[in-house]
Amino acid sequence: MNGSRFDLDTQLLNIRTTKKKKNSQRESTGLKATGEAFDPSKYTSTFFEIDTAPDDFFNPKCKGCKCPDNLSREFKLTPKVLLLKAPTDKSIYLDYYSSVIGVTDEAVAESLFVEPTDLGGDTGNCAASGLDNFWRSAINVQFLNESRLSVSQACPIRNCTFNGLILCTGLGFGPDFDFQCCGGAAELTSGGFMADCVINDEMNYCSQQQFCTQNTTFNGQVLGGAWSLVFYDCENSPLDQEYSAGEVTDGTLYDDTPQPAILNVYSSEAPIPPENRFQTPPLLIYEKDPEQPEIYTYMLKVGKEKSKEYLNYSATPDSNPVILDKSFFDNAGEYIILPAGIYELHEAVEVSSNLIGIGLPIIRFFKDAKMDFVKDQGCCSSIIFDNYASQSNDENDSIDYFLKVTGKNVSLFDIFMRNGGPVYTAIVKNAMLIISGESAFLNNIWLWNADHNIDGNPPSDPVDLTNYNYQCPTGLRVEKEAINVTAICLASEHMLEDNVVWDGDKGVCVFFQNEFPYYVTDDNFSHSAMDCSQSDLFKGYGMGSYCYFRDSPVQALQAFNMKSNSILRKAFTRWLNGNERSSIQNIITIDNIGDGMGVYSDLPGPLFTDH
């Protein structure tokens with residue numbers, strides 16, 4: 001792999017050519033010029049340019065064991081953003097809640113790094129890993145030299161160009177990273193997402209459990225992967241192949257490299273709803289104002305339009321969060337921009353504007369707070385939803401759900417919801433995300449009922465699910481009236497009942513990742529990773545479900561409960577660790593008969609436990 005410095009002038013020419021090719025559909029056709037334009041200079045504690053950014057963006061944090069204060073950083077940091085306008089000779093390091101966004105076509109940096117961390121963090125356990133490396137993003141930047149990313153969920157990589165990319169854990173981070181202290185064997189990273197990128201030179205997925213890559217061009221060899229790689233509308237991606245597991249001892253892979261399942265899916269068979277206005281997330285850009293060409297301004301690029309019509313809401317540090325209230329949403333225009341920061345919601349609200357986060361802002365939901373998204377053809381993107389109801393009056397206070405989409409043809413991008421983690425008790429009564437409007441598009445959604453708290457400990461121990469501190473029955477519920485819903489990259493994990501309930505007909509899911517809850521004590525656990533038994537003509541591609549039943553010999557009945565006229569390709573289950581007599585008994589059960597013929601292909605068999 002070429003590790004030398006590239007000629008900058010040549011690279012800038014390549015950037016312009018590549019951007020024009022990849023984003024030709026986004027060229028400007030006009031400008032809307034009402035409302036208040038976004039001005040990041042107002043947010044000096046959360047938005048930075050290259051000359052004002054803190055050293056955290058440019059220096060490594062971890063050198064192997066005992067990464068400092070990892071668990072506290074996982075839940076306590078305030079989101080922050082580095083905005084790149086021009087080339088820099090620096091490399092970028094992304095910590096928790098940090099994002100880098102290129103706002104011009106000349107946003108260039110040396111390399112991008114997301115380091116492996118000590119999974120034990122404050123507890124002193126030693127395991128160089130990326131399993132908890134969540135909540136950060138890289139958008140619209142060219143990286144000149146090889147980049148190394150130890151990433152898991154909630155780390156979107158969009159519109160970037162890499163000259164060599166390795167998705168890895170501890171291996172290869174150079175002499176400053178003491179990997180041998182961790183035993184010299186890489187831990188797995190637990191999935192991720194990349195879209196609209198160009199990879200020049202080699203791409204190595206290394207030990208990624210599952211990974212979803214969308215609309216990306218590969219100009220070099222593609223290697224690695226552990227269990228499942230799904231490619232959607234990609235160029236030069238590897239050919240489909242079957243999964244082959246490595247030998248397992250105590251739930252840990254020890255062979256050289258297992259052969260992952262590889263599946264290519266194309267929009268011709270699993271299209272994004274064509275009526276949806278938002279096929280890709282809005283992109284923040286910095287360009288000359290067409291109405292005042294002597295000045296530059298920040299705008300949103302939405303498809304073929306550039307717009308500066310949106311309402312700002314000021315973000316402040318964690319010590320003084322901003323309160324979002326009903327009157328704010330009622331009086332907003334077509335767009336609401338939420339800059340990186342921390343917000344609180346204390347009541348039920350209706351959202352009839354496009355809701356666009358810049359730099360993964362966090363919205364904390366307190367008792368009885370919920371959000372109904374009612375705008376047809378709308379968009380909600382790049383936001384972390386967090387349950388703080390137990391901090392209202394009583395630790396048993398709850399929310400019904402975070403977000404319910406009732407509008408038609410709504411697009412959700414990079415939406416991450418968590419129940420638990422920074423608080424010790426969290427209760428969701430219904431589901432985190434509910435879709436009741438038809439033709440919704442879900443793109444990179446992670447719904448997480450936390451498996452550990454801010455101390456790194458289980459939510460309660462000893463534990464059974466009836467008194468589990470993090471109560472959430474279901475991550476996603478697609479209601480019966482929500483037909484033609486499409487998801488590309490969906491993960492729902494550790495829910496206490498069916499992780500996903502998909503009742504709407506003609507649904508499509510490209511890439512699904514699931515872990516059952518760890519602390520099940522019911523030996524005959526009957527819930528599913530995804531229940532589509534009431535959905536006609538459902539299609540699923542690259543669907544994975546794992547189990548780690550720590551305490552009991554749980555025999556989960558199935559991963560996927562389907563109707564007979566569904567299509568399911570390359571679905572699998574996997575035993576991670578835990579009680580040696582536990583398992584997921586079946587990949588699929590057919591619980592309902594529908595009209596038409598189903599197709600179940602490339603499945604490894606009814607029992608797939610690898611132990």
### Task
May I have the step-by-step check of side-chain hydrogen bond (donor to acceptor under 3.5 Å, both in side chains) for N219 and N200, ending in yes or no?
CA-CA 5 Å; N219 293 320; N200 298 314; 2.8 Å; yes
### Query
Should F218 and F231 be marked as a ring-ring contact (aromatic ring centres under 6.0 Å, His included) after you check the CA-CA gap, both sets of side-chain angles, and the distance that decides it?
CA-CA 11 Å; F218 298 95; F231 298 90; 5.8 Å; yes
### Task
Please find out if less than 6.0 Å separates the ring center of F441 from that of F413.
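Yes, the ring centres sit under 6.0 Å apart.
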### Query
Taking the six-membered ring for Trp, is the centroid-to-centroid distance between H452 and Y518 below 6.0 Å?
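Not under 6.0 Å, so no.
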Separation between [atom1] of [X] and [atom2] of [Y], rounded to the nearest 0.5 Å:
X	Y	atom1	atom2	result
R574	W227	CZ	CH2	4.5 Å
L447	H494	CG	NE2	12.0 Å
T161	D196	OG1	CG	10.5 Å
L112	L149	CG	CG	5.0 Å
L223	N204	CG	CG	5.0 Å
Y93	R136	OH	CZ	13.5 Å

### Message
side chain to side chain contact (heavy atoms under 4.5 Å, CB included) for F572 and Y546? Distances and angles first, verdict last.
### Response
CA-CA 9 Å; F572 70 97; Y546 323 145; 4.0 Å; yes
### Task
Check the pair L165, M194 against side chain to side chain contact (heavy atoms under 4.5 Å, CB included), reporting the backbone distance first and the verdict last.
CA-CA 12 Å; L165 179 60; M194 177 169 56; 4.0 Å; yes
### Task
Run the numbers on L476 and I445 for side chain to side chain contact (heavy atoms under 4.5 Å, CB included), then give the verdict.
CA-CA 10 Å; L476 170 66; I445 310 297; over 6 Å; no
Side-chain donor-acceptor pair under 3.5 Å between [X] and [Y], yes or no?
X	Y	answer
W575	S583	no
Q214	N443	yes
Q558	S528	yes

### Query
Is the NZ or CZ atom of K80 both under 6.0 Å from the centre of the six-membered ring of F57 and within 45° of that ring's axis?
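Flagged: K80 positioned over aromatic ring of F57.
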### Query
Is a side-chain donor or acceptor of N133 paired with a backbone partner of S152 at a separation under 3.5 angstrom?
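Side chain of N133 to backbone of S152: no pair is present.
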### Task
Let me see the working for S411 and Q279 under side-chain hydrogen bond (donor to acceptor under 3.5 Å, both in side chains), right down to the final yes or no.
CA-CA 7 Å; S411 297; Q279 301 280 306; over 6 Å; no
### Task
Decide, yes or no, whether a salt bridge links R550 with D451 under the criterion of side-chain N to carboxylate O below 4.0 Å.
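A salt bridge is absent here (no side-chain N lies under 4.0 Å from a carboxylate O).
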### Message
With side-chain hydrogen bond (donor to acceptor under 3.5 Å, both in side chains) as the criterion, how do W446 and Q513 come out once you've worked through the C-alpha distance, each side chain's angles and the decisive distance to 0.1 Å?
### Response
CA-CA 9 Å; W446 184 42; Q513 181 169 345; over 6 Å; no
### Message
Taking side-chain hydrogen bond (donor to acceptor under 3.5 Å, both in side chains) as the criterion, tell me which of T213, N264, T217 meets it with S237.
### Response
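The side-chain hydrogen bond (donor to acceptor under 3.5 Å, both in side chains) with S237 is passed solely by N264 among T213, N264, T217.
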### Query
Step by step, would you call N449 with N419 a side-chain hydrogen bond (donor to acceptor under 3.5 Å, both in side chains)?
CA-CA 5 Å; N449 196 39; N419 188 57; 2.9 Å; yes
### Task
Kindly determine whether F538 and W502 satisfy ring-ring contact (aromatic ring centres under 6.0 Å, His included), including the steps that lead there.
CA-CA 9 Å; F538 177 86; W502 197 308; 5.1 Å; yes
### Stepwise side chain to side chain contact (heavy atoms under 4.5 Å, CB included) check, L442 with I435
CA-CA 10 Å; L442 284 58; I435 307 294; 4.2 Å; yes
### Query
Do the side chains of F416 and R418 get nearer than 4.5 Å, heavy atoms only?
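When only atoms from C-beta onward are counted, F416 and R418 do not touch, as no gap falls below 4.5 Å.
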